[in-house]
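Working notes for the structure below.
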Number of protein chains: 2
Amino acid sequence: MAEIDTASFVPSLAIDCVVFGFHENELKVLLLKLTGVDVWALPGGFVDKNKDLEKAAIDTLEVRTGLTDIFLRQFHTFGSIARNDPNHPKFLIDKGLISEDLFDWFNQRFVTIGFYALVEYSQVKEPVPGPISEACEWCSVNDLPPLMLDHQEIVEKAHKALKRELSYQPIGLNLLPNQFTMSELQALYETILETQLDRRNFRRKILSYGILKDTKKFRTGVAHKAPALYEFDVSAYKKASQAGLNMGW
Amino acid sequence: MAEIDTASFVPSLAIDCVVFGFHENELKVLLLKLTGVDVWALPGGFVDKNKDLEKAAIDTLEVRTGLTDIFLRQFHTFGSIARNDPNHPKFLIDKGLISEDLFDWFNQRFVTIGFYALVEYSQVKEPVPGPISEACEWCSVNDLPPLMLDHQEIVEKAHKALKRELSYQPIGLNLLPNQFTMSELQALYETILETQLDRRNFRRKILSYGILKDTKKFRTGVAHKAPALYEFDVSAYKKASQAGLNMGW
DNA sequence: CCAAAAGTGTTACTTTTACACCCATGC
DNA sequence: GCATGGGTGTAAAAGTAACACTTTTGG
């Protein structure tokens with residue numbers, strides 16, 4: 001059961017993180033399964049009085065994934081009254097997830113600031129559950145388990161924000177391993193955008209941005225012709241990120 | 001001096017509104033001048049415990065502008081520690097703006113949710129100052145007076161968000177009078193984007209979206225050739241808004 | 001009659017789309 | 001040797017950018 005020092009937190013405020021990963025051609029999000037019930041939640045938490053919002057998100061992510069230096073972006077703040085289910089605190093207590101003392105804290109109206117994060121799936125060795133959860137797992141965004149409160153809406157809004165981001169900025173550096181094939185990069189784009197793209201046109205366009213480096217290496221050991229391996233040219237990538245060019249897909 | 005019932009507010013939370021208007025080829029924002037000092041602030045306020053964030057913003061705007069049904073969009077939440085100037089509460093008390101009893105309330109760490117609004121300049125007959133301000137005026141975004149706390153940063157971020165919005169959605173319905181000339185619409189785009197556009201190409205492109213209706217009327221009484229007056233085709237405009245087409249300028 | 005803004009069309013260029021063939025590899 | 005995905009080129013279409021002349025009006 002969670003024992004927390006609520007006095008150290010900013011009242012009424014929470015953060016929630018939608019951590020995106022990419023694996024087997026699926027866009028995944030990291031979710032926590034609450035102990036003893038089939039209800040899942042986004043990693044997140046309360047905001048320490050002496051901590052920037054962003055830092056609160058970074059710290060949460062470090063605990064869950066072991067990763068530092070994660071790509072993070074604030075995308076929306078959820079603050080409707082309706083999101084505060086009056087039965088929720090009681091639910092948590094009944095299930096033995098939090099102590100009865102915490103009723104008042106959890107019974108507040110919370111406004112939550114939503115962040116999304118992009119991480120390389122394979123670098124998250126073993127996602128770490130929190131005090132009130134028994135599992136931390138990747139779930140496909142297209143096949144989400146039952147989520148707590150309005151967390152489903154938060155995931156959807158994050159996905160939408162990510163899609164939009166794709167039109168402005170290069171994406172991939174934070175989601176793919178160091179080296180990857182053109183097809184893998186394309187699959188990432190197709191997955192995020194939920195659409196199909198022409199192989200040849202995709203290649204031409206993405207190369208035209210000058211953010212890829214040909215490693216002169218090939219992925220071997222797989223069936224068929226060995227595909228070339230690319231890396232991001234990090235400095236060009238970052239320049240393109242800042243310029244924020246219009247890259248309509 | 002402001003007397004407020006802090007008990008009815010969500011602690012730690014505030015909203016700030018960047019109200020954009022367009023007048024004499026300038027992008028303006030509505031600002032409040034604090035009584036007795038040359039410090040200006042964004043319209044905003046605290047969030048009533050029983051009010052949605054959005055509703056809190058709407059209500060603030062109604063009080064200041066007299067307008068209901070304002071175009072409103074949440075664009076960022078400002079939550080760094082650094083934004084809470086420890087001298088600020090004392091400053092307000094010293095200047096006689098708030099009573100000493102309110103020190104603790106104003107001395108909290110506040111996280112503020114930023115909204116921007118688009119309104120038709122001429123419809124705001126007489127902007128209304130608040131309890132701690134003596135004036136409410138339009139100021140050019142390119143020539144802002146000294147602003148309270150991080151309000152300058154908030155304005156800048158809102159302008160950036162508005163610029164970005166322009167690439168996704170038609171804009172103008174909320175900023176221009178019912179009828180307007182092509183040049184006025186172009187001036188609005190140029191002002192928001194801070195760039196020059198080719199007259200002929202602009203006309204062709206904006207007409208191609210099918211969101212304008214030719215009123216068959218002309219602006220008379222001005223020098224030179226009488227320009228045609230257009231209106232937005234509201235249903236087409238809204239359709240385009242929802243579709244969110246890529247309209248790179 | 002002239003200065004100033006309004007209105008209109010064409011051409012070159014760039015970007016996007018659609019599509020078909022050969023290549024290399026593991027099985 | 002063949003099925004499968006990898007790699008390449010080209011032509012048509014659409015969209016964008018650059019640019020010049022005529023029209024109308026108030027002064």
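Per chain, numbering begins at 1; letters A, B, ... match sequence-line order. Everything numeric here is computed off the predicted structure, so don't read it as measured data.
- Atom CD of E190(A) is separated from atom C1' of dG5(D) by 14 Å (rounded to the nearest Å).
- Using modelled atom types, one finds a donor on one side chain and an acceptor on the other under 3.5 Å when comparing S167(A) with Y168(B).
- Within the 4.0 Å cut-off from OP1 or OP2 of dT15(C), not a single side-chain nitrogen or oxygen of K205(A) is found.
- The distance between atom CG of L207(A) and atom P of dT15(C), rounded to the nearest whole Å, is 15 Å.
- Regarding L185(A), its CG atom lies at a distance of 15 Å from the C1' atom of dG6(D), rounded to whole Å.
- Residues forming a ring pair (Phe, Tyr, Trp, His ring centres under 6.0 Å) with F202(B) (at least two apart in sequence, or on another chain): Y189(B), W249(B).
- As a whole-Å value, the separation of Y230(B) OH from dA6(C) P is 11 Å.
- Between R219(A) atom CZ and dG6(D) atom P there is a gap of 11 Å when expressed in whole angstrom units.
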> Base, backbone or nothing for each nucleotide of nucleotides 19-27 of chain C, written B, S, -, heavy atoms under 4.0 angstrom, 5' to 3'?
Replying inline: BB--BBBS-
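- Q196(A) places its CD atom 13 Å from the P atom of dG5(D), with the value rounded to the nearest Å.
- In terms of the side-chain contact (heavy atoms from CB on, under 4.5 Å) criterion, A223(B) has no residue partners (sequence neighbours excluded).
- Here the P atom of nucleotide dG7(D) and the CD atom of Q186(A) are 11 Å apart, to the nearest Å.
- Taking 4.0 angstrom as the limit, S183(A) places a side-chain polar atom (N or O) nearer than this to OP1 or OP2 of dG6(D).
- Here the P atom of nucleotide dT17(C) and the CZ atom of F202(A) are 14 Å apart, to the nearest Å.
- Here W138(B) pairs with Y121(B) under the ring pair (Phe, Tyr, Trp, His ring centres under 6.0 Å) rule; sequence neighbours left out.
- Applying the side-chain hydrogen bond (donor to acceptor under 3.5 Å, both in side chains) test to pairs two or more places apart or on separate chains, those with a residue in residues 216-229 of chain A are E184(A)-R219(A).
- Residues passing the ring pair (Phe, Tyr, Trp, His ring centres under 6.0 Å) test with H76(A) are F78(A), sequence neighbours excluded.
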